[in-house]
**Student:** 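The structure is given below, and queries will be raised subsequently.
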Amino acid sequence: MRALLERAGLVLLGLVVAWLVVEAYARLTGLGETPQLGTDFDRSPVLYAPEPPRRHPWTEPGETPFVVAVIGDSFTVGEGVQVDDSYPYRLERLLNLNADTQPAEVRVWAQSGTSTHTQLRFLRRAVAEGPDLMILGIFVNDSETHKIAAWREPLRPRVASGWKLGLITASRSAAWLYQRYEEERIRRAWIDYMRKIWDPEFEGRKAFERAVGKFAARTRERAIPLLAVVLPPAGALGAGYPLTFVHDAIRETLEENDVPYFDLLPVFRGRSGERLAVLPGIDGHFNEIGQRIVAEAIFGHLLRAGWIPSEYEPRLATEQRRDYWRNKLLAAKSVRPR
């Protein structure tokens, strides 16, 4: 019995020592600290927008531009980034690189918090202007409705209380473990939520399907080419992207309505969500880097697939020296030589 108690005491002592070591490491490295808006908070305090006469500076008075209408939600608005960093504005710059070509205007009809079925009101206004091309931005939550508040409740971070609050206040290591637990819980809740809103029987998915049909019919009736662009969330990027079933559901609907599409998931697959999000772990909208990648990918697709005249192919373009960046990464020991 005495030997058993001695072993138990040694195990307990070992656990205490291990916890003290982890706690010391957490305090030295800042693990478990409460996030604060300090010098690492790089979001602009003011968002600047051009006045209406300055929105399309490449079009001279009397000229007839090549018009691209873009319809979407907060990812198309460019939530969290400057207006001219959003992908529609970047796309317009790419379309106007060459001199002596027809000027191009990318006109945006988008609003944060909308879904494809509520964007039908933008469709009517955009079609009325007779664009040469229409792009419909589709995000992975575009089957949402306003009747699912209870489904979204598990997506909110839970504030600790009682003994949990006391423990994470006293211990940095416990605070770090609680943060990791909450992140994993919310990640799983998001996947479950996405499965619910893309269930074939959910009214929101049916509304999405009907809306896609109306977009297809209306643009076809007016002979306006329609391209759907599917946008993945920056916050879910990285190893083991969990929302491929959503892309499958969106693709199925688009194909049923004969709507051509460009899914950006292959462009972003394997990239770092932390590098591309407005606020990693907090706001999964694309930051300036992500918006640039979206614009360049769409521009390249439009050229390759013949959606826009070949005269918009940039005349002045140089290939990036990939070895330069590879050597930089090797010097930083960020990648392994191959």
Side-chain angles (χ1 to χ4, degrees), residues 71-77 79 110-120 136-159 178-216 228-257 259 261-274 276-286 290 294:
I71 296 176
D73 59 8
S74 55
F75 276 70
T76 298
V77 170
E79 194 79 28
Q111 183 179 337
S112 299
T114 59
S115 296
T116 305
H117 65 279
T118 58
Q119 291 160 10
L120 287 169
L136 173 62
I138 299 177
F139 187 56
V140 293
N141 68 347
D142 271 2
S143 59
E144 282 185 326
T145 69
H146 295 296
K147 301 178 181 179
I148 51 175
W151 290 1
R152 294 185 65 87
E153 192 59 34
L155 310 180
R156 303 176 185 276
R158 296 184 300 196
V159 179
Y178 184 79
Q179 289 173 5
R180 300 289 82 74
Y181 169 79
E182 272 296 284
E183 288 172 1
E184 178 60 19
R185 183 192 65 78
I186 292 173
R187 188 188 73 84
R188 291 178 180 275
W190 266 110
I191 297 172
D192 181 60
Y193 172 74
M194 286 294 178
R195 291 196 182 280
K196 287 179 178 178
I197 67 173
W198 286 103
D199 185 289
E201 298 305 313
F202 175 55
E203 178 55 33
R205 175 164 178 176
K206 293 178 180 179
F208 170 79
E209 292 169 348
R210 291 193 296 269
V212 169
K214 290 178 180 179
F215 268 94
V229 173
V230 185
L231 298 154
L237 296 175
Y241 180 74
L243 300 177
T244 52
F245 66 92
V246 176
H247 294 255
D248 292 341
I250 294 171
R251 182 181 66 246
E252 179 182 329
T253 299
L254 294 171
E255 290 177 350
E256 286 176 353
N257 289 278
V259 176
Y261 60 89
F262 178 42
D263 191 341
L264 284 163
L265 179 56
V267 174
F268 283 99
R269 189 183 292 277
R271 295 180 185 266
S272 167
E274 289 192 358
L276 299 175
V278 166
L279 282 178
I282 300 173
D283 188 331
H285 289 94
F286 283 121
V294 171

**Student:** Going through the distances and angles, do Glu203 and Arg210 end up as a salt bridge (Lys or Arg N to Asp or Glu O under 4.0 Å)?
**Tutor:** CA-CA 10 Å; Glu203 178 55 33; Arg210 291 193 296 269; 2.7 Å; yes
**Student:** Which heavy atom of Phe268 sits nearest to which heavy atom of Pro232, and what is that distance?
**Tutor:** CD1-CG, 4.0 Å
**Student:** Report yes if the distance between the aromatic ring centroids of Tyr261 and His247 is under 6.0 Å, otherwise no.
**Tutor:** no
**Student:** Which distance, rounded to the nearest 0.5 Å, do you find between the CZ of Arg251 and the OG1 of Thr244?
**Tutor:** 9.5 Å
**Student:** Just verifying a value: how many Å separate His285 NE2 and Phe75 CZ, rounded to the nearest 0.5 Å?
**Tutor:** 4.5 Å
**Student:** Minimum heavy-atom separation for Trp151 to Leu155, with atom names?
**Tutor:** O-CG, 4.3 Å
**Student:** Report yes or no: do Thr114 and Gln119 form a side-chain donor-acceptor pair below 3.5 Å?
**Tutor:** yes
**Student:** Please lay out, stage by stage, how Val267 and Phe262 fare under the test side chain to side chain contact (heavy atoms under 4.5 Å, CB included).
**Tutor:** CA-CA 10 Å; Val267 174; Phe262 178 42; 4.2 Å; yes
**Student:** Let me know which of Asp263, Val230, Val212 forms a side chain to side chain contact (heavy atoms under 4.5 Å, CB included) with Ile250.
**Tutor:** Val230
**Student:** What residues, two or more places apart in sequence or in another chain, satisfy salt bridge (charged side-chain N to carboxylate O under 4.0 Å, His left out) together with Arg195?
**Tutor:** none
**Student:** Hey, could you give me the CD1/OG1 distance between Ile138 and Thr116, rounded to the nearest 0.5 Å?
**Tutor:** 5.0 Å
**Student:** On a heavy-atom basis, which atom in Trp198 and which in Asp142 lie closest, and how many Å separate them?
**Tutor:** CZ2-N, 4.2 Å
**Student:** Out of curiosity, His117 NE2 to Thr145 OG1, how far, rounded to the nearest 0.5 Å?
**Tutor:** 6.5 Å
**Student:** Please check if the number of heavy atoms outside Glu274 that lie under 6.0 Å from its CD is greater than 12.
**Tutor:** no
**Student:** With Phe139 as reference, evaluate Thr76, Val229, Asp73 under the side chain to side chain contact (heavy atoms under 4.5 Å, CB included) test and give the passing residue.
**Tutor:** Asp73
**Student:** Would you mind reporting whether Leu237 and Ser272 have side-chain heavy atoms less than 4.5 Å apart?
**Tutor:** no
**Student:** Look only at the side chain of Arg158 and the backbone of Pro154, and say whether a donor-acceptor pair between them is shorter than 3.5 Å.
**Tutor:** no
**Student:** Under 3.5 Å, is there a donor-acceptor pair linking the side chains of Arg152 and Tyr193?
**Tutor:** yes
**Student:** Check for a donor-acceptor pair, side chain of Glu79 on one end and backbone N or O of Ser112 on the other, with a separation under 3.5 Å.
**Tutor:** no
**Student:** Under 4.5 Å between any side-chain heavy atoms of Phe286 and Val278, yes or no?
**Tutor:** no
**Student:** What do the steps show when you test Met194 against Asn141 for side chain to side chain contact (heavy atoms under 4.5 Å, CB included), and what is the final call?
**Tutor:** CA-CA 7 Å; Met194 286 294 178; Asn141 68 347; 4.0 Å; yes
**Student:** For the pair Glu201 and Lys196, find out whether any cationic side-chain nitrogen is under 4.0 Å from an anionic carboxylate oxygen.
**Tutor:** no
**Student:** I need the minimum non-hydrogen distance between Lys206 and Pro200, along with the two atoms involved.
**Tutor:** CE-O, 3.7 Å
**Student:** Kindly give the heavy-atom pair with the smallest separation between Ile197 and Ser143, and that separation in Å.
**Tutor:** O-OG, 2.7 Å
**Student:** Just wondering, do Glu153 and Arg156 contact through their side chains at under 4.5 Å, heavy atoms?
**Tutor:** yes
**Student:** Glu183 and salt bridge (Lys or Arg N to Asp or Glu O under 4.0 Å): which partner among Arg180, Arg187, Arg185?
**Tutor:** Arg180
**Student:** Between Phe202 and Phe208, does the ring centroid distance fall short of 6.0 Å?
**Tutor:** no
**Student:** For the residue pair Leu243 and Pro233, what are the closest heavy atoms and their distance?
**Tutor:** CD1-CG, 3.9 Å
